[in-house]
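Please read the structure below before turning to the comments.
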Amino acid sequence: MSPNPPAAVIVLAAGEGTRMKSAALPKVLHTLCGRSLVGHAVAAAQELTPEHLVVVVGHMRDKVAAHLAETDPSVRAVVQQEQLGTGHAVRVALEALAADGVVLDGTVVVSYGDVPLLTAATLRQLTAAHLADGNAVTVLTAEVPDPAGYGRILRAADGAVQAIVEHKDASDAERAIAEINSGVYAFDGKLLAEGLGEVRTDNSQGEEYLTDVLGILRESGHRVGALVADDFRDILGINDRVQLAETRRIMNDRLLDAAMRAGVTVVDPATTWLDVQVTFERDAVVLPNTQLQGSTSLGEGSEVGPNCTLKDTRVGAGAHVSNATADRAVVGAGAEVGPYAYLRPGTVLGERSKAGTYVEMKNAVVGAGSKVPHLSYVGDATIGEGTNIGAASVFVNYDGVNKHHTTIGSHCRTGSDNMFVAPVTVGDGVYTAAGSVIYKDVPAGALGVTRPQQRNVEGWVERKRPGTAAAAAAAAARAGQTSTEDPEATEAAPGA
Ligand code: UD1
Ligand code: CA
């Protein structure tokens, strides 16, 4: 459990986000580094181990609530029917908790669903400062290069926070203030409810401003404090897709920094993209133009890239993956993948095995040391240990209606251009001939052959394709053959 866990964290996420210009997605469901915007807010909040975690939803509430239920069922989604201001949103959340009989005794943290760079560490710093100073409310602030649009922090001559004035309601002198309100606060829960009861709507937007609670509490004699964020970028909110991309870059850089400091080599940070849940062991190497997504993990000394996209894929120690796409695959220690391989869900490559060039696999378990080196499709299959699958083989798993399984034993040598028509079983130590269509089981140690006889029609090209380059080459080859068979020429050879 986190020190000083708050009674509740309330994440505001009801706003429309018009500047995202999205028909399909509410703003807080746009993603960066493998998580939605609201998912980042929830993840940071969860690290504080609050008793209650509430997300206030409004715009496209069904989508947001469904997403929350799927990603974190412990989150309580509370509907704000109409977006009547940040103060109103918090009031709706408190009323929903009260209706459930929850008495908030302790700190209530308020944050936003569109501030993904805000870390749990900063939230912890905020609650710690709030409790240490005995404040009724502590606001997280920052000095920003361009404060336009934000609420400004008004301080007295002695530095004490007096109030927050919204940009739209501010005088020119107030607009010159660079210290802004992040919109993130730690409140005393009881005083928050009291203060919200006194908030009015006589402002330029006709809204219930949460910011007004600060002035209200201070005027009734309570302590109001502020914590200035170390890095103003932590509190940047996302309003459009340009800011979404900028923020993704910052978050990606943070993830890369952490990985490199933990002993991972990243050859080109500019073209390497990580999701928040990706993990590494030491001496993993990531080559350029590589995206590691979801819960992907790279084992010790493994090398991934260039040009790889791995999602929810486990790469074992010392494995090499080049120019490959993988989704929910497992690559064993020392295995080789690519260049140009596609590992689909359910692929499990054993130790030192290989899925080589232009190889696609799906739902395939490949034993230790087995190799599928070239130009093949392996679907719905089990391959034993130490087996080699010839080039250009296809595991024919689909009859047009159902999928079927192929089992290949250990230490087999299957020929090139084989079709394994599933369901079919090939025993241990089997050889198969090139070009075979294996549609019947092959017992251990047998040679499987299904090959029509070859027939050569002599002289066909010169008769049927006269005047072509092929015919001329055939004629020249025949002439050459005759001359080497010339007994005089043989006699003329030195030493003969
Ligand atoms: C708010 C603050 C401002 C601060 C800024 C930081 C107020 C009155 N102003 O301004 O001081 O500098 O955030 O970004 O609080 N929301 C709801 N329901 C509502 C209204 C808003 O859930 O009825 C949510 C929005 O989805 C958003 C957040 O609250 O996540 C902030 O709302 P927004 O309208 O962007 O507030 P600002 O005017 O930017
Ligand atoms: Ca905003």
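These figures come from a predicted structure and were not determined experimentally. Indexing begins at 1, ligand by ligand and atom by atom, following the structure's order.
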Asn307 and Asn323: side chain to side chain donor-acceptor pair (under 3.5 Å), yes or no, with the steps? CA-CA 5 Å; Asn307 311 317; Asn323 293 276; 2.9 Å; yes
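The number of heavy-atom neighbours closer than 6.0 Å to CG of Asp172, taken from other residues, nucleotides and ligands shown, is 12 or below. Within a 6.0 Å radius of CZ in Arg124, other residues, nucleotides and ligands contribute more than 12 heavy atoms.
Checked by distance only, ligand 1 and Ala14 come closer than 3.5 Å through their nitrogen or oxygen atoms. Of the N or O atoms in Tyr150, none lie within a sub-3.5 Å distance of an N or O in ligand 1. By the 3.5 Å distance cut-off applied to N or O atoms, Gly151 is counted among the residues near ligand 1. Between Ala89 and ligand 1, a contact under 3.5 Å exists for no N or O pair.
Among Glu16, Glu166, Glu207, Glu82, the residue whose heavy atom lies closest to atom 38 (O) of ligand 1 is Glu166. Scanning Asn181, Thr86, Asp212 for the heavy atom closest to atom 15 (O) of ligand 1 points to Thr86. Looking at Gln80, His167, Gln205, Gln83 and measuring to atom 18 (N) of ligand 1, the nearest heavy atom belongs to Gln80.
Within the cation-pi definition used here (under 6.0 Å to the ring centroid, within 45° of the axis), Arg249 qualifies as a partner of Trp273.
Residues passing the side-chain contact (heavy atoms from CB on, under 4.5 Å) test with Lys21: none are found, sequence neighbours excluded.
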